[in-house]
Number of protein chains: 2
Amino acid sequence: MTADNRADLSPSAPALTERQEARRRRILDASAQLAARGGFDAVQMREVAEAAGVALGTLYRYFPSKIHLLVATMQDQLQHMHTTLRKRPPAGADPAERVSETLMRAFRALQREPQLADAMVRALTFADRGVSPEVDTVSRLTTAIILDAMGAEHPSPEQLSAVRVIEHTWHSALITWLSGRASIAQVKIDIETVCRLIDLTAPATGPAAR
Amino acid sequence: MTADNRADLSPSAPALTERQEARRRRILDASAQLAARGGFDAVQMREVAEAAGVALGTLYRYFPSKIHLLVATMQDQLQHMHTTLRKRPPAGADPAERVSETLMRAFRALQREPQLADAMVRALTFADRGVSPEVDTVSRLTTAIILDAMGAEHPSPEQLSAVRVIEHTWHSALITWLSGRASIAQVKIDIETVCRLIDLTAPATGPAAR
DNA sequence: CGCTAATCTAGAACAAGTTACAGACTTGAT
DNA sequence: ATCAAGTCTGTAACTTGTTCTAGATTAGCG
């Protein structure tokens, strides 16, 4: 049913043919599958190409580097997550609760495929200037998810700053968890801590506000 | 004067001879110099070895991977920074101000050698489990710097959480700046925003408190 | 259909991180 | 001073990301 929900993501893309769309999908799937097995290192370009039934040169035509490929994989997964989350919005009373609930839900999803998470997050933070547009897309998706959870249609600049800081914390906390330097509980605490910033920047919330 | 201020950093190290200490230093200096020129990519193990006047195998004996080398380089630089900062403590009135002042000072230092910053920060966030101990050392150093700025001798668990979130934001904001996705001004805002968490967790500060 | 440009394939080649190894040099203990 | 163990050097080989090339296929168009 959700056949073409990425159409508006890259308006610069020159409209792929059906076979090309299929190739792209095979590549992304192969990437995710290899990543789920062995993390970042297991996503080897030759293996991705073979698993996707595509020549190495073609793989590089679609994704100009391993980092591009993995960031695109992350885009793909985030999209899933976003639609999933929209179906069951968080139930918390205030925005801070809803955001941390949402992020913890995402976190639990990542825990189910820690190796995949490893590959995607490492690629994301390792990406250099050449991948900025793609990384930015991921960032915008993440922002959208958080704003959704907050229920902020027209966020103030202050709220946007808070969201940025939440994103920073989210990425960095994931990294500490993935590299075994922080426990799941620790990540939870960090997320809840940073979400307190939302209350701090809330513009007169509550029923009797204004 | 500050001849041996890293003695207590790695009690597990098996006491190097003088020549070995000198080799280690030459390697770290070569690493920092190459990094300052061309960032992460310019730190090539063969070149580091040559610049340090050491065989490739020896380089790998001292630092088992490029990531280890760059994380150690970061340790080294952080140490400098810490002693520098201790000389002129931040002047702000409340802890949040002092911490953001300190971090902004560190940020300005990094701006002077953006390529070096790139190499170190990318290595830090790309490091996997095998480098955890070293990355942890860097993290502890950073924590110490922040706690120093806060003036918190015996931080509460809540305060420690805030510090962790500040560190997350610090690292991730640096990355967005290094990859050209955020301006210097943006980083400043993010740091100031996250530092507000400190007030939130302050245990009865000020003379007339409680 | 037949042409042309773009795309795809297979495979070689190159770059840089990492490993392996044989022989020379240091170190520390006796 | 001498010996054993450990360290360092120089160099080649291996791995995986990336680039390149020549020829086959495909897509769009008249």
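Naming convention: chains lettered A, B, ... in sequence-line order (proteins, then strands); numbering from 1 in each chain.
B:Arg24 places its CZ atom 17 Å from the C1' atom of D:dT7, with the value rounded to the nearest Å. Atom CD of B:Glu21 and atom P of D:dC8 are 12 Å apart (whole Å). Rounded to whole Å, atom P of C:dA16 lies 16 Å from atom CG of B:Leu70. A straight line from CD of B:Glu47 to C1' of C:dA15 spans 12 Å, rounded to a whole angstrom.
Annotation: side chain of B:Ile191 is not in contact with side chain of A:Val165 (no heavy-atom distance under 4.5 Å). The shortest distance between side-chain heavy atoms of B:Gln159 and B:Met150 falls below 4.5 Å. At least one side-chain heavy atom of B:Pro95 sits under 4.5 Å from a side-chain heavy atom of B:Arg98. Put simply, the side chain of B:Tyr62 does not reach to within 4.5 Å of the side chain of B:His68, judged on heavy atoms. Annotation: side chain of A:Leu160 is not in contact with side chain of A:Arg164 (no heavy-atom distance under 4.5 Å). The shortest side-chain heavy-atom distance between B:Leu200 and B:Leu197 falls under the 4.5 Å cut-off.
If you check residues 113-127 of chain B against DNA chain C, you find no residue with a heavy atom closer than 4.0 Å. Of the residues in residues 35-46 of chain A, A:Val43, A:Gln44, A:Met45, A:Arg46 come within less than 4.0 Å of DNA chain D through at least one heavy atom, sorted by number. Within residues 56-69 of chain A, the residues that have a heavy atom under 4.0 Å from DNA chain D are, in order of number, A:Leu56, A:Tyr60, A:Ser65, A:Lys66.
With respect to B:Glu21 and B:Arg25, no salt bridge is recorded, no charged nitrogen being found less than 4.0 Å from a carboxylate O. Taking the charged nitrogens against the carboxylate oxygens, B:Arg196 and A:Glu158 do have a contact shorter than 4.0 Å, which makes a salt bridge.
Within 6.0 Å of CD on B:Gln111 lie more than 12 heavy atoms contributed by other residues, nucleotides or ligands. The environment of CD in A:Glu97 is crowded: more than 12 heavy-atom neighbours from other residues, nucleotides or ligands sit within 6.0 Å.
Using modelled atom types, one finds no donor on one side chain facing an acceptor on the other under 3.5 Å when comparing A:Glu167 with B:Ser172. With 3.5 Å as the limit, one finds no donor-acceptor pair spanning the side chains of A:Ser179 and B:Ser132.
Residues passing the ring pair (Phe, Tyr, Trp, His ring centres under 6.0 Å) test with B:Phe63, sequence neighbours excluded: none.
Between its opening and closing five pairs, the helix from C:dC1-D:dG30 to C:dT30-D:dA1 changes axis direction by 20°, a value rounded to 10 degrees.
B:Gln20 has no side-chain polar atom (N or O) that falls below the 4.0 Å cut-off from OP1 or OP2 of C:dT27.
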Which pairs, protein N/O on one side and nucleotides 22-30 of chain D N/O on the other, fall under 3.5 Å?
none

Please assess A:Phe126 against B:Phe40 for the test ring pair (Phe, Tyr, Trp, His ring centres under 6.0 Å), listing each intermediate value before the final yes or no. CA-CA 10 Å; A:Phe126 192 61; B:Phe40 187 89; 5.2 Å; yes
Can you check side chain to side chain donor-acceptor pair (under 3.5 Å) on A:Thr169 and B:His168, steps first, answer last? CA-CA 5 Å; A:Thr169 301; B:His168 288 319; over 6 Å; no
